[in-house]
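Keep in mind it's a predicted model, so treat the numbers as computed, not measured. Naming convention: chains lettered A, B, ... in sequence-line order (proteins, then strands); numbering from 1 in each chain.
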Amino acid sequence: MNTYLLYSQIYVSLTSWRGKNLDKQDVQPLETIDIEQFQTDLISWFQKEQRELPWRKDKDPYKVWVSEIMLQQTRVDTVIPYFHRFLELFPEVKDLAQAEEDQVLKAWEGLGYYSRARNLQSAVKEVYEKYGGIVPNTPKEISSLKGVGPYTAGAILSIAYGIPEPAVDGNVMRVFSRILSIWDDIAKPSTRKVFETAVRELISHDNPSDFNQALMELGALICTPTSPSCLLCPVRDHCAAFHEGTQHELPIKTKNKKQKHVKMAAAILVNDKGEILIQKRPSKGLLANLWEFPNIESTISYVDEKALLEDRFASHYSGNVHLNRSIGQLEHVFSHLIWNINIYAGTIDDVSASELQNVKFVSIEELDQYAFPVPYQKMFRMYQLEKE
DNA sequence: AAGTCGGGGGT
DNA sequence: ACCCCAGACTT
């Protein structure tokens, strides 16, 4: 019963399995999937071909946790340097639990999706206080932690604790959509459950860690989105899509919508001591709790904009504001919107502005102690280039 | 279920 | 341009 899982049995347990073929008049003989052989082929390949990654050096649940949060929607090569720096700053649960949020955000600067960092620290605090610093090892407890969703819960449980839970990410859905010929739209939230059910049937109970990691490694190295290297695939004998030649049609994924365009204006304002005005963003929403330069959303025409900005800034910061010059403009693309920013430089009195909450005057040397979103980093670089 | 939330790299 | 990436949370 454990050794072979008849294809028809899978079909019974998953109504959407091979749903496309239900309508085909010419149904081919049902294949069987040799589960043990599949596990062996997959895991041996992984043990031989896996990349050396910093979070694979040991299975410390805290390190696995940090890596999994960083890897959400983020490529391995991007994460590696962040992972090293983060663990140097916060080697253990206690260190992250007791850190200043500003320092955590600074360590996350440039990585994006900053709520990951704030949720991670919040959850680590809970682990430190409620679980004595030990990352919990039950699905219920770990899933209740802030920022730990179905994927991350399964990843930590399987990789750090060897518990056979599915960890279904984009890789796993792509890989199994091909192996099992699943034609559900993987862009729909409900589809993830189809793949979780599949993984529960197929996962190795001897080595859930390598099984789950192998699926993701396979998706990253072999079973890639546009041009899968099927001839190098260790499980192509088990793959329905390879058998049918449909690997380029799978997975099914509906397109995402276009970004909205937002016009902005922002300024580098300097006081008479040569210090620059910065402010902390609100604690909710886009780029929450990061720092920025004074800015407004603006749909005003370019000629009127400068006067409007001087007015708005002067009244908001209660000081005399002078915009000397326009430095240029820059575009920054987010996943759901596009900022087009007109950039100015000028001066401001620091009498009242420094009394405002979340507003500071800092020297150029102090600037890099604060976490800035990339668009404002770009903006400051333009300012420095223009000044020379 | 749809929208929000970053940034970079590949094609 | 458009796609994708070791997704989660809010509405």
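Rounded to whole Å, the separation between the P atoms of B:dG8 and C:dA8 comes to 22 Å.
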Discussion item. Please evaluate residues A:F86 and A:W108 with respect to the criterion ring-ring contact (aromatic ring centres under 6.0 Å, His included), reporting the C-alpha separation (whole Å), side-chain torsions for both, the decisive distance (0.1 Å), and the verdict.
Written reply: CA-CA 8 Å; A:F86 199 88; A:W108 211 269; 5.7 Å; yes

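The main-chain N or O of A:E141 is found under 3.5 Å from a side-chain atom of A:S144 such that the two form a donor-acceptor pair. Under the 3.5 Å distance criterion, the side-chain polar atoms of A:R116 are matched with a main-chain donor or acceptor of A:Q72.
Mapping A:K146 and A:Y151 onto DNA chain C by nearest heavy atom places A:Y151 closer to the 5' end of the strand. In terms of position along DNA chain B, the nucleotide closest to A:S190 lies nearer the 5' end than the nucleotide closest to the other residue of the pair A:S190 and A:H336. Map A:P189 and A:L287 each onto its nearest nucleotide of DNA chain B; the residue landing nearer the 5' end is A:P189. Judged by closest nucleotide on DNA chain C, A:P225 is the one of A:P225 and A:T152 placed further toward the 5' end.
Within the 4.0 angstrom heavy-atom criterion, no nucleotide atom of any strand lies near A:R281. Residue contacts for A:S115: at a heavy-atom cut-off of 4.0 Å it reaches no nucleic acid atom on any strand shown. Counting non-hydrogen atoms under 4.0 angstrom, A:R174 reaches the backbone sugars and phosphates but no base. In this structure, A:P251 reaches neither bases nor backbone, as no heavy-atom distance under 4.0 Å exists between it and the strands shown. Residue-level contact check: A:V76 touches the bases, meaning some heavy atom is under 4.0 Å from a base atom.
You won't find any donor-acceptor pair under 3.5 Å spanning the side chain of A:R116 and the base of B:dC5, going by distance alone. Between the base of B:dG8 and the side chain of A:T78 there is no donor-acceptor pair shorter than 3.5 Å. A donor-acceptor contact under 3.5 Å is formed by the side chain of A:T74 with the base of B:dG6.
Of all nucleotides present, none satisfies the Watson-Crick or G-U wobble test against B:dG6 with each distance under 3.5 Å.
With B:dG6, C:dA6, C:dA8 as the candidates, the nucleotide lying closest to the side chain of A:E68 is C:dA6.
OP1 or OP2 of B:dG7 has at least one side-chain nitrogen or oxygen of A:Y114 nearer than 4.0 Å. Within the 4.0 Å cut-off from OP1 or OP2 of C:dG7, at least one side-chain nitrogen or oxygen of A:Q73 is found. Checking the phosphate oxygens (OP1, OP2) of C:dG7, no side-chain nitrogen or oxygen of A:R192 falls inside 4.0 Å.
You'll find the side chain of A:L277 reaches within 4.5 Å of the side chain of A:I348, heavy atoms only.
Both A:V262 and A:F334 belong to a common hydrophobic cluster when Ile, Leu, Val, Met, Phe, Trp and Tyr are linked at side-chain heavy-atom distances under 4.5 angstrom.
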